[in-house]
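Reminder, nothing fancy here: chain letters follow the sequence lines and each chain counts from 1.
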Amino acid sequence: MIHLSFIREQPDKVRKGAKNKGEVIDLDSLLNLDNEHRSLLNSLNELRAERNRVSEEIGKTKGTGKDALDSIQAMKKVSQQIKELEEKVGVLAEQLNSKLLRIPNLPHDSVPIGKNVEDNVVIREWGDEHQFDFTPKSHLELGASLNLFDFERGAKISGSGFPLYIGKGAKLERALINFMVDMHVDQYGYTEVFPPFLVRREAMVTTGQLPKFEEDMYHTEVDDLFLIPTAEVPVTGIHGNEILEEEDLPIKYVAYSACFRREAGSYGKDTHGLLRLHQFNKVELVKYVTPGSSYDELESLTAQAESVLQALGLRYRVVELCTADLSFASAKCFDLEVWAPGEKKWLEVSSCSNFEGFQARRGNIRYRREDNRKVECVHTLNGSGVATPRLLVALLETYQREDGRVEIPEVLQPHLGIKELA
RNA sequence: GGAGAGAUGGCAGAGUCCGGUUGAACGCGCCGCACUCGAAAUGCGGUUUACUCUUUUGAGUAACGGGGGUUCGAAUCCCUCUCUCUCCGCCA
């Protein structure tokens, strides 16, 4: 969340940032609430100060053997007042917090201002368009002929959007996950973690899924736990309510997880095959860094995600999101889009974001500076490195041959044990 | 699922029975200064966080796992929730 004092001091910046993101916020009611809260809080503190002072006197008086009935009677009244004020202040604080949690993060100054997806900016492209001397098939056709997945039976078990991978398809999925996790650990020094897939509310609030997007999440009623939409949630939660040492930063984690998304409101979009799913697999990179380094860390994070696609020899482009397309919690974000020759589309396989202190404040994730030993919030970043379903689409469609077989990129062969899918 | 024990500051660990200058002893760590060519050792001083008010200085309030209660006053008493540990049961 945005620091309250920042909102007080620079409300226009907050309004402008939210407006550029296309978010409607009501700062006036928040600021009024804040004023009321502070004024009551001051009265409350004065009363408590009085009570503390007199209570101490009572203790001393009793110590000398005298009674202090008058003071006790007076403090009874004061305590009653305190109790009433505490209730009011508590209600206001809750309302204030709830409003605060719904204020989006502000875009970084470098983010292009835009009205919609059209205004995103392609930063760079990598790889040449694969030349086919036949008409490339879609991943659906390839998957069917090679018997890699079975969407009908997946839907029979769980509903549409829950793919069932079979045989070499299942193994390919597992190989991709292993390949990516190993790469980030071995080449870039990430620490591998295997997080829980169900999390408490607090973890979802920290990363920004709650309270605003509860309807997009799978929720288990009885235990009040949420299925994670991304490993970002549990992995960012790892250091919640902690004070880290600056010398331990940056902390870098890589995690595989299944991801669960209700995709409420996106019915009819990308409905076929592996393009949009309720459950999918993803390898996620999460960094905790010092504020001064977070934009450099965003660059390296993006580069590391890109290197997965490079190693697999897949054509892709890096897109800088404009303000309108930036997510609620993000200050700046690069999307990686891989080219799928069968679909003839760019497919988003990664989002690399800097959240600055937005998540850290929500989750109370801080660090102690080396120079002055002061405590401040870390910056958090994360990026997919990368998500498998669309990666699999691009892989199959890119490496297909006319005879319907699919070559396996060399880097993947040790993980899969075969050179082609036939 | 059953029975029991516990949760205190960066760490470790008193205080809880018998509520009152205890934001919290002693120690470790950390920071500063002194001594030293330098280091170690030693000595001295300092060392929680959040919020509010204040131009600076400073002052106040809150927090001993979370929430609630009793009381003039709660780390300390009561209730409740969460978590951790031990034993039993069940189980991949």
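Residue A:Ile82 contributes atom CD1, which lies 12 Å from atom C1' of B:A62 at whole-angstrom precision. Whole-Å rounding puts the A:Glu50 CD to B:U61 P distance at 11 Å. Atoms CG (A:Leu47) and P (B:U61) sit 12 Å apart, rounded to a whole Å. If you take CD of A:Glu245 and P of B:U48, they are 15 Å apart, rounded to a whole angstrom. In this structure, the CG atom of A:Asn42 is 17 Å from the P atom of B:A59, given to the nearest Å.
When only modelled atom types and interatomic distance are considered, A:Asn105 and A:Glu356 share no side-chain donor-acceptor pair under 3.5 Å. With 3.5 Å as the limit, one finds a donor-acceptor pair spanning the side chains of A:Thr380 and A:Gln359. Side-chain contact check for A:Glu376 and A:Tyr367: at least one donor-acceptor pair (N or O, by modelled atom type) lies under 3.5 Å. Side-chain atoms of A:Lys137 and A:Ser145 form no donor-acceptor pair, as typed in the model, at a separation below 3.5 Å. Side-chain atoms of A:Tyr316 and A:Gln310 include a donor-acceptor pair closer than 3.5 Å. A donor and an acceptor atom, one from each side chain of A:Arg361 and A:Asn364, are nowhere located under 3.5 Å apart.
Contacts of A:Arg369 with the nucleic acid, taken as non-hydrogen atoms under 4.0 Å apart, are absent. Note on A:Val78: nothing from the nucleic acid sits closer than 4.0 angstrom, heavy atoms only.
Applying the 4.0 Å criterion to OP1 and OP2 of B:U49, one finds that A:Arg368 has a side-chain N or O inside that range. Residue A:Arg38 places at least one side-chain N or O closer than 4.0 Å to OP1 or OP2 of B:C53. For the pair A:His3 and B:A50, the criterion of a side-chain N or O lying under 4.0 Å from OP1 or OP2 is not met.
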For this session: Report the C-alpha separation of A:Leu148 and A:Leu396 in whole Å, then their side-chain angles, then the decisive distance to 0.1 Å, and conclude whether the side-chain contact (heavy atoms from CB on, under 4.5 Å) test is met.
Result: CA-CA 11 Å; A:Leu148 300 176; A:Leu396 294 175; 3.8 Å; yes
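With a 3.5 Å limit on both pairing distances and Watson-Crick or G-U wobble geometry required, the stems of 3 or more pairs in RNA chain B span B:1-7 with B:82-88, B:29-34 with B:42-47, B:48-53 with B:58-63, B:65-69 with B:77-81.
At a threshold of 4.5 Å between non-hydrogen side-chain atoms, the residues A:Ile408 and A:Lys419 do not count as touching.
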Exercise. For every nucleotide of nucleotides 66-83 of chain B, 5' to 3': is a protein heavy atom under 4.0 Å from its base (B), only from its sugar-phosphate (S), or from neither (-)?
Worked result: ---SS-BS--------SS
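Only one option out of A:Leu298, A:Val286, A:Thr302 pairs with A:Leu381 in a side-chain contact (heavy atoms from CB on, under 4.5 Å); it is A:Leu298.
Projected onto RNA chain B by closest heavy-atom contact, A:Ile243 and A:Glu376 fall at different nucleotides, the more 5' of which corresponds to A:Ile243.
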